[in-house]
Amino acid sequence: MQFRNYSPRSIHSYSQLLTKVEDDLKVSLETITIQQFKDYLHQRIVSEKISVSMINQSISAFKILQVDVLGREWEPIKIKRPRREKKLPVVLSIEEVEKLISVTQNIKHRAILALTYSAGLRRHEIQQIKPTDIDSSRMQVRVFQGKGKKDRYTVLSVKALELLRTYYKDQRPRTFLFEPQSRKGVHLSDETLNKIVKNNAAKAGIRKRVSIHTLRHSFATHLLEKGVNIRLIQEFMGHVSLKTTAGYLHLVTIQPGGISSPLDSMNI
């Protein structure tokens, strides 16, 4: 998996899944047949109600074992998967985002919230971003090796840039743009980032269940409401499929009274 450039997180997850299969069946992995594995998955679906995501990850891990490690032929595993629950993400209104950032007193935390929202960044992207990724001359944020190991550019807000400059002069991070005060050269943890959002959301009187990712969802939704082309939003978000971006259409608030018919622009 390292040779194929899998992320450390995927390698750890796949290894854990295969270890569980071996422990549960109490036989060596190389002796497990595809039919045995299929029966094992079916049993877990029925008894444990495991998620579609876990089913797909387990199949992917077992396929790597069979094909790339043991050199065997692969017979596609056709198994009925439980339907995914279609839950819409939590989105803040523009007023709630404004209040969230306004009540945040810590300059680093304020810069984090502003940049995350204004550029539509994922949590791990905020963790890995470096000062050199902020391109003030072109007003762009460079996302290096985002999800799917892909680079992209997204928008840089003027107000976010002002906050970032104030923060940078004050704290002078060594490697990553955002680092713990007492541990230079180390990025912030998942827990720290979510605490920053949750604590300040509570101060702002926001009762929605929010996380750092809520700001990304809000960014995409607000751009759609402003009429930004969905293909551009797809690029900013780093989505492989336009279908993923189109999911935000369900969250958009549209006032029909503010839309004119194309006929009204014609000279007839």
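Computed from a predicted model, the values in this text were never measured in an experiment.
- When the side chains of ILVMFWY residues are joined at heavy-atom separations under 4.5 Å, either directly or via intervening members, Tyr167 and Val103 end up in two distinct hydrophobic clusters.
- When every heavy atom of Leu100 is checked against every heavy atom of Ala201, the shortest pair comes out as CD1-N, 3.4 Å.
- Shown here is Glu73, whose CD atom has no more than 12 heavy atoms of other residues, nucleotides or ligands within 6.0 Å.
- Between Arg174 and Gly185, the shortest heavy-atom distance links the atoms CB-N, 4.0 Å.
- For the residue pair Val97 and Ser218, the shortest heavy atom distance occurs at CG2-CB, 4.4 Å.
- Glu75 CD: 12 or fewer foreign heavy atoms inside a 6.0 Å radius.
- Note on Val186 and Phe144: separate hydrophobic clusters, where clusters join Ile, Leu, Val, Met, Phe, Trp and Tyr whose side-chain heavy atoms are under 4.5 Å apart, directly or indirectly.
- Arg209 and Val90 make their closest contact through O-CG2, 3.6 Å (heavy atoms, listed as atom of the first residue, atom of the second, distance).
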Would you mind writing out the side-chain donor-acceptor pairs for residues 8-17 within the sub-3.5 Å range, not counting sequence neighbours?
{"from": "Ser10", "atom 1": "OG", "to": "Ser7", "atom 2": "OG", "distance (Å)": "3.1"}
{"from": "His12", "atom 1": "NE2", "to": "Gln16", "atom 2": "NE2", "distance (Å)": "3.4"}
{"from": "Ser13", "atom 1": "OG", "to": "Gln57", "atom 2": "OE1", "distance (Å)": "3.4"}
{"from": "Ser15", "atom 1": "OG", "to": "Ile11", "atom 2": "O", "distance (Å)": "2.8"}

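- Both Leu121 and Leu224 sit in one connected hydrophobic cluster of ILVMFWY residues. Membership requires side-chain heavy atoms under 4.5 Å apart, directly or through other members.
- Between Lys130 and Thr175, the shortest heavy-atom distance links the atoms CG-O, 3.5 Å.
- In plain terms, the two heavy atoms of Arg4 and Ile64 that are nearest each other are NH1-CG1, 4.2 Å.
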**Request:** Determine, stepwise, if the pair Asn200 / Gln105 fulfils side chain to side chain donor-acceptor pair (under 3.5 Å).
**Result:** CA-CA 9 Å; Asn200 288 292; Gln105 298 301 310; over 6 Å; no
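- Applying the 6.0 Å contact sphere to NZ of Lys208 captures more than 12 heavy atoms from other residues, nucleotides or ligands.
- The 12-atom threshold is exceeded at CD of Gln43, counting heavy atoms of other residues, nucleotides or ligands nearer than 6.0 Å.
- Taking a 6.0 Å sphere around CE of Met54, one finds it holds 12 or fewer heavy atoms contributed by other residues, nucleotides or ligands.
- Under the ring-ring contact (aromatic ring centres under 6.0 Å, His included) criterion, His239 pairs with no residue at all, not counting sequence neighbours.
- Aromatic rings from Phe236 and Tyr153 are positioned such that their centres are separated by 6.0 Å or more.
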**Prompt:** Do Arg142 and Ile129 pass the side-chain contact (heavy atoms from CB on, under 4.5 Å) test, and can you show the C-alpha distance, the side-chain angles, and the key distance before you say yes or no?
**Reply:** CA-CA 8 Å; Arg142 178 182 181 238; Ile129 201 163; over 6 Å; no
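- When the ring-ring contact (aromatic ring centres under 6.0 Å, His included) test is applied to His109, no partner is found at least two apart in sequence or on another chain.
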**Request:** Determine, step by step, whether Arg183 and Glu179 satisfy the salt bridge (charged side-chain N to carboxylate O under 4.0 Å, His left out) criterion, reporting the C-alpha distance in whole Å, the side-chain angles of both residues, the deciding distance to 0.1 Å, and the verdict.
**Result:** CA-CA 7 Å; Arg183 298 178 66 199; Glu179 301 173 343; over 6 Å; no
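- Using the six-membered ring where Trp is involved, Tyr117 and Phe219 have ring planes that are perpendicular, over 60° apart on the 30 and 60° scheme.
- Atom CZ of Arg165 has 12 or fewer heavy atoms from other residues, nucleotides or ligands within 6.0 Å.
- Rounded to the nearest 0.5 Å, atoms CG (Leu177) and CD (Gln171) are 10.5 Å apart.
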